Amino acid sequence: MKRRNFFKKIILGIVGIETGYLVFDSFKKKKKKAVSKDLFEAGRIDSFEKNRIYPFNSGKFYLSVFENGGMLAISIKCTHLGCIVQPDNNGFLCPCHASAFDKHGEVVSPPAMRALDIFPIVVSDGKILVDTNSPIKRKGFKKSQLTFV
Ligand code: FES
């Protein structure tokens with residue numbers, strides 16, 4: 001009787017560990033798929049030239065590629081009252097109340113008081129992916145915000 005209970009406990013323990021592993025693994029896979037599904041695919045790295053601003057209206061951002069190769073995914077939404085900013089002479093201009101931003105999205109002319117938001121950029125399999133669900137509010141531009149590929 002003792003021996004039978006011993007083996008029963010061992011088998012139940014193995015089944016429990018195996019079930020826990022399968023549940024944990026399936027959760028990990030679902031989470032990984034959800035993250036990659038939410039990223040906006042901007043294109044292959046080699047399709048972007050330096051010193052240019054690429055509009056992605058459906059992703060609601062501009063991809064700015066600077067002379068040093070750094071990139072920013074800058075929100076199209078003005079930080080004053082939310083109008084759509086337009087690229088203008090190496091920067092951005094808001095048509096609603098004339099706020100102006102430089103090429104990094106910093107305020108050059110109010111009424112906007114805060115730099116344009118940016119989105120995280122991920123490089124994967126030679127492609128630029130932008131996490132448009134995670135806007136980053138910022139006071140100004142810092143070199144650490146740039147993504148280099
Ligand atoms: S909404 Fe852009 S300046 Fe007012």
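Everything numeric here is computed off the predicted structure, so don't read it as measured data. Whatever order the structure lists ligands and atoms in, that order sets their numbers, starting from 1.
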Atom 1 (S) of ligand 1 has as its nearest protein heavy atom L81 N, 3.3 Å

Are we looking at SG atoms under 2.5 Å apart for C83 and C94?
no

Do Y54 and I74 sit in one hydrophobic cluster, given that two such residues count as connected whenever their side-chain heavy atoms are within less than 4.5 Å of each other, even indirectly?
no

Can you tell me the protein heavy atom closest to atom 3 (S) of ligand 1 and the distance?
S99 OG, 3.2 Å

Metal check, atom 2 (Fe) of ligand 1 vs C94 N/O/S, cut-off below 2.8 Å:
yes

Could you list the atoms of ligand 1 found under 4.0 angstrom from a heavy atom of C83?
1 (S)

Could you tell me whether F40 and F119 have their ring centroids closer than 6.0 angstrom?
no

Tell me whether the rings of F92 and Y62 are parallel (<30°), tilted (30 to 60°) or perpendicular (>60°).
tilted

Whether F66 and F141 hold their rings parallel, tilted or perpendicular, with breakpoints at 30° and 60°:
tilted

For ligand 1, which atoms have a heavy atom of H80 less than 4.0 angstrom away?
1 (S), 2 (Fe), 3 (S), 4 (Fe)

Per residue H97, nearest N, O or S atom to atom 4 (Fe) of ligand 1 is named ND1

